[in-house]
Enquirer: 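There's a structure below that I have some questions on.
Lettering of chains follows the sequences in order, A, B, ..., and the numbering in each one begins at 1.
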Number of protein chains: 4
Amino acid sequence: MPENLTHREDYRKEKKLRILEAAARVFARRGFFGTVVADIATEAGIGKGTIYEYFDSKEDLFFAVFEWFVRQTGAKTKISISALKGSAPQRLEALSESLMGSWDEIRDIFSLVMEFWSASASSETRERFQQAFRQGYSDFRGIVSSLIRDGIERREFRPDVEAESVAAALVGTWDALLLQAWFDDSFDHRIAAKEFLDVVLRGLSLQ
Amino acid sequence: MPENLTHREDYRKEKKLRILEAAARVFARRGFFGTVVADIATEAGIGKGTIYEYFDSKEDLFFAVFEWFVRQTGAKTKISISALKGSAPQRLEALSESLMGSWDEIRDIFSLVMEFWSASASSETRERFQQAFRQGYSDFRGIVSSLIRDGIERREFRPDVEAESVAAALVGTWDALLLQAWFDDSFDHRIAAKEFLDVVLRGLSLQ
Amino acid sequence: MPENLTHREDYRKEKKLRILEAAARVFARRGFFGTVVADIATEAGIGKGTIYEYFDSKEDLFFAVFEWFVRQTGAKTKISISALKGSAPQRLEALSESLMGSWDEIRDIFSLVMEFWSASASSETRERFQQAFRQGYSDFRGIVSSLIRDGIERREFRPDVEAESVAAALVGTWDALLLQAWFDDSFDHRIAAKEFLDVVLRGLSLQ
Amino acid sequence: MPENLTHREDYRKEKKLRILEAAARVFARRGFFGTVVADIATEAGIGKGTIYEYFDSKEDLFFAVFEWFVRQTGAKTKISISALKGSAPQRLEALSESLMGSWDEIRDIFSLVMEFWSASASSETRERFQQAFRQGYSDFRGIVSSLIRDGIERREFRPDVEAESVAAALVGTWDALLLQAWFDDSFDHRIAAKEFLDVVLRGLSLQ
DNA sequence: CATGAATGAGGCTTCATTCAT
DNA sequence: GATGAATGAAGCCTCATTCAT
């Protein structure tokens, strides 16, 4: 019986994931308000009613997609960051390149991020989303600032650098460069990131 | 009669502006989809139908707000930039402070910007909005990069600096810092901007 | 003063007629429900509000157009009929040709007739219109049947002919032939009327 | 599963028909523009939204009613005509009586026909309806004219009769007699048709 | 568990009519 | 008298959600 339950749970979990993936695609394509629940069902190859067996509402599903997406992205980022080697500047460069390089993956879901932002700007879920964003940005800022502090301790960066501020700005820069790439195909965010980080690293350096 | 016509036209133009302002407030508060046309009418203190005497549709009104907003912001920015004096680094600092300082004004309309982004992420108006954003970013990038090139020519910045890339990144950074401030009250974007620009200017400097 | 009043009345009467004519054109073009009062004003080259100085409502105007049209058509028909000369068969033929021949004039207002019919099929004015139609048809039937009775008395038609029935049918035939011509350009109602009347006259004749 | 599908399809088809019938009643009662979609739903005993599960729009439903009605009427007429026996004159008399006799059935849907005419006189569907009318009239004309040609061949009618013209006129006469009966209760279309056909048949006869 | 038929609240938009100028 | 700006009732349609099968 426990095994049975487990099987059933596995089944549900897998199905839930299928719906999640389908929903992510449709939301990214059409936006939250532009998306019709029936479309998600069609995309997932199931009946309309089935979605409500797994999620309470369209909004609930939307937020589940959001959380799933954030968790996924966060996990990937943490893994790639923890794998970084070398000096602080080298690690920052590697991080930047990793972020900018994942563009091809990110571009498909950037529309989704825009939707999350949008949802955070309106509707009652505003607070819910804002908090999640706050958290996500904060986590990332923390990682980068600890990396910078590490550099300061190792005497790779100037001691009077405000790690928190620089981290916040850098995170923002990367985000905004991806944004510019998103709505402007001709914009090369990789070069911009590389050149800019060069300047920043020089500014951080002891000399 | 020409005078009469002029009067009428003035009247209509002014009324259109009043509706625009009311719409901007409501759209900022509730988002495009969260906004009900009746709310805009109430906010403007007029009847529902009157809006349709001045705008073809809710979407039309929304885009009109957008264009009006972009035009306004763009004009203000250009004026404040043209007024900048001093060396290139000084001008960049002044620009940064000016942007970050206008936060109190901007914060009220940032929600509106989010809405425009949102609208650009979905629906058929996507292209319309994306292009406007592209243009806006591109304009601003151009201003900042010419400022940097100016600095290079004046030997205030290193000659091997990629003005375009740095400009794109800086513009993005400011944008993203405002964004972080927008959804995180405890985040001090002014300090972050100041500290970060310090680093960047040091990185740009000849030494 | 009486002269003054007369002038004013003349002015009003003429203006009313201008509105009537404009309304007839627009109603014929777009139908009652498809017509927007503003269009009539534009067509008449006046302001929207002015119409309500001369007519109580859109429906009132519509009915006024109808009555004006019926009066006009009726008057014309009576005149042309009273001018008919010759034997009863000859007068029927002349009448038929006159009716069918006025097609080029009628075709432009047939849409209007359709609208009147339509209005009679729906809305509260149903009864109003139905009665007018009844009256119009009845008048015309009366004219034709008296013409036929005249023929019977003159021994040009068989004595056992039911004048009323034949008149009703003939009137209907002409009406329906014009209708067919109206929605089928390739249909030649003149030939059909002529050939058919030939048969009918032969059927009415003593031999 | 195929059986299941068939069941579902049957169910939908039947439901669609129920809506069609309800819509026909309401449209006949109130006209196209006078009809509110909610009324149809009430008449059909279903919810407003359900109608849109089966028809794309009010106009679509209206045209579906029209087609259904035309198909039904056409089918009935063809059947009754093919069942006619006897000489050509006898068959024409039988046809006339059959048409005039079905008045009690027709009267309830004549309002509907008026609505179709109305719809054909306005809006973009004009062409759609006009063509259907053209077709219907043309079909009927064809049937009657072949009946007449048959009579000519059998030497029951004069050889110089223009079958097409007479057919067109006869069809029109019947139509118009029903029309007169529709808006004038006191008008006896049966007698008029009988008496008139007498005259026409006499006119068609060899003597 | 899965489904899709049914629903009705709610939103955008139209337009006849009014009325201040 | 003439005008057109203003209005709000009313209608079509969408779509998230429910629920019987």
Side-chain angles (χ1 to χ4, degrees), chain A residues 8 11-12 15 32-42 44-62, chain B residues 4-5 7-8 11-12 15-16 19 33-41 44-61, chain C residues 8 11-12 15 33-42 44-62, chain D residues 4-5 7-8 11-12 15-16 19 33-42 44-61:
Chain A
R8 202 179 298 170
Y11 176 80
R12 283 190 66 89
K15 188 140 195 178
F32 178 72
F33 291 102
T35 292
V36 175
V37 174
D39 288 348
I40 297 174
T42 304
I46 58 174
K48 221 185 326 174
T50 309
I51 288 176
Y52 287 86
E53 295 286 330
Y54 294 86
F55 300 93
D56 286 344
S57 67
K58 184 186 176 185
E59 198 165 322
D60 185 50
L61 171 56
F62 187 51
Chain B
N4 208 335
L5 269 177
H7 281 168
R8 199 175 353 265
Y11 176 80
R12 287 190 66 90
K15 183 134 202 178
K16 200 166 182 174
I19 296 177
F33 291 102
T35 293
V36 176
V37 173
D39 289 348
I40 298 174
I46 57 175
K48 226 186 324 170
T50 307
I51 288 175
Y52 289 88
E53 294 284 326
Y54 295 86
F55 300 93
D56 286 343
S57 65
K58 185 188 176 185
E59 194 166 330
D60 185 48
L61 171 56
Chain C
R8 203 180 296 169
Y11 176 79
R12 282 191 66 87
K15 188 139 197 179
F33 291 102
T35 291
V36 176
V37 173
D39 287 350
I40 297 174
T42 304
I46 58 174
K48 222 186 324 173
T50 308
I51 289 176
Y52 288 84
E53 295 286 329
Y54 293 86
F55 299 94
D56 286 345
S57 67
K58 184 187 178 186
E59 198 165 324
D60 185 50
L61 171 55
F62 186 52
Chain D
N4 209 334
L5 269 177
H7 280 169
R8 208 190 329 275
Y11 175 80
R12 286 189 67 89
K15 183 133 203 178
K16 200 167 181 172
I19 296 177
F33 292 102
T35 293
V36 175
V37 174
D39 289 347
I40 299 175
T42 304
I46 59 176
K48 222 183 333 168
T50 308
I51 288 175
Y52 289 89
E53 293 284 326
Y54 293 86
F55 299 94
D56 286 343
S57 65
K58 186 188 175 185
E59 195 167 328
D60 185 50
L61 171 55

Enquirer: List the atom of Arg12(C), the atom of Glu53(C), and the distance in Å for their closest heavy-atom pair.
Expert: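 In this case the closest contact between Arg12(C) and Glu53(C) is NH2-O, 3.0 Å.
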Enquirer: Under 4.0 Å between any heavy atoms, over every strand shown, what does Thr42(A) touch: base, sugar-phosphate, or nothing? Just pick one.
Expert: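 Nothing, no nucleic acid heavy atom in range.
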Enquirer: What pattern of brackets, bars and dots sums up DNA chain F from 5' to 3', given Watson-Crick or G-U wobble pairs under 3.5 Å, [ ] for crossing pairs and | for another strand?
Expert: .||||||||||||||||||||
Enquirer: Would you grab the first and last nucleotide of DNA chain F (5' to 3') that comes under 4.0 Å of any non-hydrogen atom in chain C?
Expert: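 Here the contact window of chain C covers dG1(F) to dA6(F).
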Enquirer: Starting from the 5' end of DNA chain E, give me the residue, Thr50(D) or Thr50(B), whose nearest nucleotide shows up first.
Expert: Thr50(D)
Enquirer: Residues in side chain to side chain contact (heavy atoms under 4.5 Å, CB included) with Thr50(C), at least two apart?
Expert: Lys15(C), Ile46(C), Tyr54(C)
Enquirer: With a non-hydrogen cut-off below 4.0 angstrom, is Tyr54(B) in contact with a base, only sugar-phosphate, or nothing?
Expert: sugar-phosphate
Enquirer: Reading DNA chain E from 5' onward, which residue's closest nucleotide shows up sooner: Glu53(D) or Glu53(C)?
Expert: Glu53(D)
Enquirer: Using a 3.5 Å distance criterion without hydrogens, assess whether the side chain of Lys16(D) forms a donor-acceptor pair with backbone atoms of Phe55(D).
Expert: no
Enquirer: Any side-chain N or O of Arg12(D) under 4.0 Å from OP1/OP2 of dG4(E)?
Expert: no
Enquirer: Between C1' on dG11(E) and CZ on Phe33(B), what's the gap in Å once rounded to a whole number?
Expert: 12 Å
Enquirer: Lys48(D) and Ala38(D): which non-hydrogen atoms are nearest, and at how many Å?
Expert: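 Nearest heavy atoms, Lys48(D) then Ala38(D): CG-CA, 4.0 Å.
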Enquirer: Under 4.0 Å, counting only non-hydrogen atoms across every strand here, what does Lys48(D) touch: a base, just sugar-phosphate, or nothing?
Expert: base
Enquirer: Tyr11(D) has an atom OH; how far is it from atom P of dT3(E), in whole Å?
Expert: 19 Å
Enquirer: Hey, which of these two, Gly47(C) or Tyr52(A), hits DNA chain F nearer its 5' end, going by closest nucleotide?
Expert: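 By nearest-heavy-atom nucleotide position, the 5'-most residue is Gly47(C).
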Enquirer: Not counting sequence neighbours, which residues clear side chain to side chain contact (heavy atoms under 4.5 Å, CB included) with Tyr52(A)? List them please.
Expert: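 Expected list: Val37(A).
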Enquirer: Sequence neighbours left out, what passes side chain to side chain contact (heavy atoms under 4.5 Å, CB included) with Ser57(A)? Give chain and number order.
Expert: Glu59(A), Asp60(A)
Enquirer: What is the distance, rounded to the nearest whole Å, between atom CZ of Phe55(A) and atom P of dA2(E)?
Expert: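 That distance rounds to 13 Å.
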Enquirer: Kindly assign one of parallel, tilted or perpendicular to the pair Phe62(A) and Phe32(A), based on the angle between their ring planes and the thresholds 30° and 60°.
Expert: tilted
Enquirer: Nearest-nucleotide wise, let me know which of Ile46(C) and Gly49(D) is further upstream toward the 5' end of DNA chain F.
Expert: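 Looking at the nearest nucleotide for each, Ile46(C) comes out on the 5' side.
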Enquirer: CG/Leu61(A) to CD1/Ile51(A) distance, rounded to the nearest 0.5 angstrom?
Expert: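 If I round to the nearest 0.5 Å, the distance is 6.5 Å.
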